[in-house]
There are 4 protein chains.
Amino acid sequence: MTDSAGRATARGRIDKRQAILSAAFDVFARRGYAPANVAEVAEVAGVAKPTVYNHLGDKENLFRRAMEAAADTVMERNLRDVERLRTLEGDLRAGLGDVAYRMVQTCCGEPSRALRRLVHAEVGQFPELVELVQARTAGRLAEALADRLARLSLEGRLRAADPAVAAEQFLSLLTGPAEARSRLGTRKLPAAELRAIAEAATDTFVRAYAA
Amino acid sequence: MTDSAGRATARGRIDKRQAILSAAFDVFARRGYAPANVAEVAEVAGVAKPTVYNHLGDKENLFRRAMEAAADTVMERNLRDVERLRTLEGDLRAGLGDVAYRMVQTCCGEPSRALRRLVHAEVGQFPELVELVQARTAGRLAEALADRLARLSLEGRLRAADPAVAAEQFLSLLTGPAEARSRLGTRKLPAAELRAIAEAATDTFVRAYAA
Amino acid sequence: MTDSAGRATARGRIDKRQAILSAAFDVFARRGYAPANVAEVAEVAGVAKPTVYNHLGDKENLFRRAMEAAADTVMERNLRDVERLRTLEGDLRAGLGDVAYRMVQTCCGEPSRALRRLVHAEVGQFPELVELVQARTAGRLAEALADRLARLSLEGRLRAADPAVAAEQFLSLLTGPAEARSRLGTRKLPAAELRAIAEAATDTFVRAYAA
Amino acid sequence: MTDSAGRATARGRIDKRQAILSAAFDVFARRGYAPANVAEVAEVAGVAKPTVYNHLGDKENLFRRAMEAAADTVMERNLRDVERLRTLEGDLRAGLGDVAYRMVQTCCGEPSRALRRLVHAEVGQFPELVELVQARTAGRLAEALADRLARLSLEGRLRAADPAVAAEQFLSLLTGPAEARSRLGTRKLPAAELRAIAEAATDTFVRAYAA
DNA sequence: AATGAATGAGACTTCATTCAT
DNA sequence: TATGAATGAAGTCTCATTCAT
C-alpha cells in the first residue's frame, strides 16, 4: 500500500476507503444507523477511528456513502438478472417464470434486504437515500423490465399496456408476497415457497397481460 | 378506592397510560427508536419522565407497547375498509376498484406508513414486532380479503383459486406501486395518482381472476 | 391492630414501627446505607412507602433509629454473656476461657457483624452512630468486664492494673484475631478455630494479668 | 511513538492513570462507594469524565483498582515500620515499645483508616477486597512481625510460642484499643494517648511472651 | 392513618468527534 | 497520513420524597 518512499499510494488510499465503506455497511446493516458506532466500523475495517473520519468526514456522510456503495453492488447483481430477460425467446410463461424466480431470490438475499431495511428505517433522517438507492436497485430493475415488456408488446406477445405500470406490478407481485411470507426476512423462505411465489406471480401476470 | 373515586382513579390511570403510549408512538414515528428519547415522550404526553417508567418499564417495553397500541388503532381503521367488501353486490370491477382506492388511501396514511417504517427499521432489534404488528394490520386485512374473495369464487364471479394467494396479490398490487411511487412516503401522492394505482391494480386483478 | 371503631390502637402503631425498624435494619445490613432503598424496606415491612415516611421521617432518620434499635437488641444478648462473669468462682483460667468463648461467638454473630460493618461504613456520614452504637455494645461490654476484673484484682486473683485497660485488651485479644481470621465475616469460622482464638486470648491475658 | 515521544506518552498515560486512581481513593474515602460519583473523581483528577472510563472501565473497577493502589501505598509505609524491628538489639521492652508506637501511628493515619473503613463498608458488595487489601496491609504486617518474633524466640528472648498467633495478638492489642479510643477515627487521639496505648500493649505482650 | 401515583434531581455510561503526535 | 488519547453532550434509568385520596 505504500510506495518505496513510504507515501501511501493512490491505490492504497482507495482500498482503505473501500474497506471502510464495506465495513460500515456491514455494521449499519447489522445494527441500524443510530446504534451502530464508528468505533466498530473502524475495528471491522481494521483502521483507527480517526482514519474513518479522515476518509469520510462524519457519521452521516459515512452512512450515505456506504449505502451508495452497497446500492451499486446490489445493482450490479440485479442487472445480471435482468440480462436474462434477453433470452425470453421461447415459451413466455416459462421464461418469465424463470426470471421471476431469480429476481425473488435476489430480492430476498441479505444485501438487498439490508439495503431495503435501512432505507425504510432512515427515510425520516435521510430522505434523499430513497431516490439514491431505489434509483439504483428497484427502480433500475423496473426500468429494465419495462423496456423488455415494451418489446414483448410490440412483438404482439403481450397486450398493449403501459409497460412501466406492468413492470411495477410484476415486481410488486414478486416482492410483496415474498416480504409478507418471510416476515420481512425474519423467516427464511424455503426454495419451494420462493418458487411458488414466483409461479403465482407469473401466472397472474401472464393472465392479465398476455395478448 | 371504591365506586366513583375508584373508577375515576382507574380511568385516570388508563388515560395517562394511553396518553403515554400515544405520545410514544408519535415520537418514535418521527425520530425512530434509537434517536427518540424518553424525555420527549414524557413531554409530549404531559407527564414527568419517571411516570413513563412507572407505567411502562423501560424504553424497549415502551416501544413494544406503543407499537402494539398503534397497530390496534390502524387495524380498526383497516377493518372498516374491509367491511365495504360486503357491499360488493353490483359490478365487480367497480366494487373492487372502490375498495382498492380506500385501501391504498389507508395504507398510505401516516399511521400505516409510520408503523410499517418502524417495523422495517427495528426488525433487527425487535423481530417479534413483525408478527405482532403484521398480524394485526396487513395480515388481518389479507385474511378478511381472502374470506371475501372465497365467497366471490363460490358465487362464480371469480375463478377458482387459492383465495389467500389472491388476496396477497391484490394487496401487493396496491401497496407495492404506492410505496414505489410515493418514494416510501417521501412524496405525497395526489389523489389522481392514488386512484390510478387502485384502478391499475383492480384491472390487473380482475383480468387475472375473473371467472 | 384496630379496635372496634377501626382506629389503629397504640399497640398497633408501635408494632408497625417496630416492623419497619426491623425491616430497615435487615435491608441496610444486606445492602448498606446508600444502596438500600426505602421501597424495599417498605416491602419487607409489609407497608406502603409513604407509611415509612409517616412513621420515621426521612431515610437518614430511619437509618439512625434502625441502628439504635438493632444496637439495643445486640446489647441485650451481650449482657447475658456478661452475666456469666459473676460465676467466675472456680478456676480463673477456665472461667475466663469459657466467657471468652461465648463472647467471640456473640461478636461473630450476624447481628453484631452487621452492626459493626454499618458503623464502620457510615462513620463518615453518621459520626454520632459510633458513640450511639459502641456505647451500647462493645463499650457496655468493656465496662461490665472492667467491673468484674476490678473485683478480681481486689480479691487478689489478678495483679493490680487499670481494669478499663485490661478489659479493653481482653476484648481486643478476642475480636482482633476473630475479625482477621474470618476475613471480616467473609469466611465462616469453625467452632474449633473460634475456641482456639478464645483459648489463646485467655492464655495471653492470664499470663499478663495473673497476680 | 518511539523513544522520547513514546516514553513521554507512555509516562503521561501512566501519570494520568495514577492521578485518577489517587483522586478516586480520595473521593471514595471521603464519601464511600455508592455516594461517590465519578464526576467528582474526574474533577479531582483534573480530567474529563469519559477519561476515567477510558482508563478504568466502570465505577466498580475504578473502585477496586483505587483500593488496590491505596493498599500498595499503605503497605509500603507499613513495611518501613517493620524494618525497625531489625534494630531490636538493645532492651526488648524499649525496642518493642518503640515499634509499637510507630505502628499505632501508622494504623491511625488517614490512609490506613480510610482503607479499613472502605473494606468494612463494602465487604458485602466487594468481598474479594478483604483478601486483596488485608493481604497487603494487616496481613503483610502480621507476617513480617511474626518472622521477627520467631527470631526472638530462637534467640531465647521470647518464650516458645506460635509466632503467627503472637503477632496477631500484638497487633490486636495495638489496633483494638486505638480504634475504640478514637471512636473509629472520629476523635483524634493525642500523641500521649497513642503512646499510652503502645506502652500498655507492649507491657501486656512482654509479660505474656517474655522468656 | 395508609396508600397509589407522580416527580425533581442526579448518577452511570456511551459516543461522535477532535487534538497532538 | 494514521492513531492513541481526551472530551462535551446526551441519554437511560433510579430513588427519595410528596400529593391526593
Side-chain angles (χ1 to χ4, degrees), chain A residues 1-2 6-9 12-13 16 34-42 46-55 57-60 62, chain B residues 1-2 4-6 8-10 12-13 16-17 34-42 46-60 62, chain C residues 1-2 6-9 12-13 16 34-42 46-55 57-60 62, chain D residues 1-2 4-6 8-10 12-13 16-17 20 34-42 46-55 57-60 62:
Chain A
M1 287 181 194
T2 53
R7 279 177 286 117
T9 61
R13 250 201 90 80
K16 200 160 276 190
N37 57 341
V38 180
E40 189 176 356
V41 172
V47 301
K49 230 188 314 177
T51 302
V52 176
Y53 283 89
N54 287 342
H55 280 263
D58 58 9
K59 193 187 178 185
E60 284 198 12
L62 172 62
Chain B
M1 285 184 188
T2 47
S4 74
T9 304
R13 258 232 116 189
K16 201 153 277 187
R17 187 189 162 97
N37 61 337
V38 180
E40 188 176 356
V41 172
V47 300
K49 223 188 319 176
T51 301
V52 176
Y53 284 92
N54 283 343
H55 279 264
L56 285 144
D58 59 8
K59 192 188 180 184
E60 280 196 21
L62 173 62
Chain C
M1 284 179 193
T2 52
R7 279 177 285 116
T9 60
R13 251 202 90 82
K16 200 160 274 188
N37 58 341
V38 180
E40 188 176 356
V41 171
V47 300
K49 230 191 311 178
T51 303
V52 175
Y53 283 89
N54 287 341
H55 278 263
D58 59 9
K59 193 187 180 186
E60 285 198 9
L62 173 63
Chain D
M1 284 185 192
T2 48
S4 76
T9 303
R13 258 231 114 187
K16 202 155 277 190
R17 188 188 161 97
I20 292 170
N37 60 336
V38 180
E40 188 175 355
V41 171
V47 300
K49 224 189 316 176
T51 302
V52 176
Y53 284 90
N54 283 343
H55 279 265
D58 59 7
K59 194 186 177 184
E60 279 195 24
L62 172 62

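Everything numeric in this text was worked out from a predicted model, so none of it was measured. Letters go in sequence order (proteins before strands), and every chain restarts at 1.
At least one side-chain nitrogen or oxygen of A:K16 sits closer than 4.0 Å to the OP1 or OP2 atom of F:dA2. The side chain of B:H55 places an N or O atom within less than 4.0 Å of a non-bridging phosphate oxygen (OP1 or OP2) of E:dA6.
Between B:H55 and B:R17 the shortest heavy-atom distance is O-NH1, 3.7 Å. When all heavy atoms of A:Y53 and A:D58 are compared, the closest pair comes out as CE2-CA, 4.0 Å.
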Scan nucleotides 11-18 of chain E nucleotide by nucleotide, 5' to 3', and note B when protein non-hydrogen atoms come under 4.0 Å of the base, S if they reach only the sugar-phosphate, - if neither.
-> SSBBBSBB
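Residue D:I20 contributes atom CD1, which lies 12 Å from atom C1' of F:dT7 at whole-angstrom precision.
The partner of F:dA9 is E:dT14, judged by Watson-Crick or G-U wobble contacts that both fall below 3.5 Å. E:dA1 is unpaired under the criterion used here, namely a Watson-Crick or G-U wobble arrangement in which both key atom distances are under 3.5 Å. Searching all strands for a Watson-Crick or G-U wobble partner of F:dT17 with both distances below 3.5 Å returns E:dA6.
A side chain to side chain contact (heavy atoms under 4.5 Å, CB included) with A:K16 is found for one member of A:V52, A:N54, A:T51 and no other, namely A:T51.
Rounded to the nearest 0.5 Å, atoms CG (A:L62) and CD (A:E60) are 10.5 Å apart.
For the pair C:K59 (side chain) and C:A34 (backbone), a donor-acceptor distance under 3.5 Å is present.
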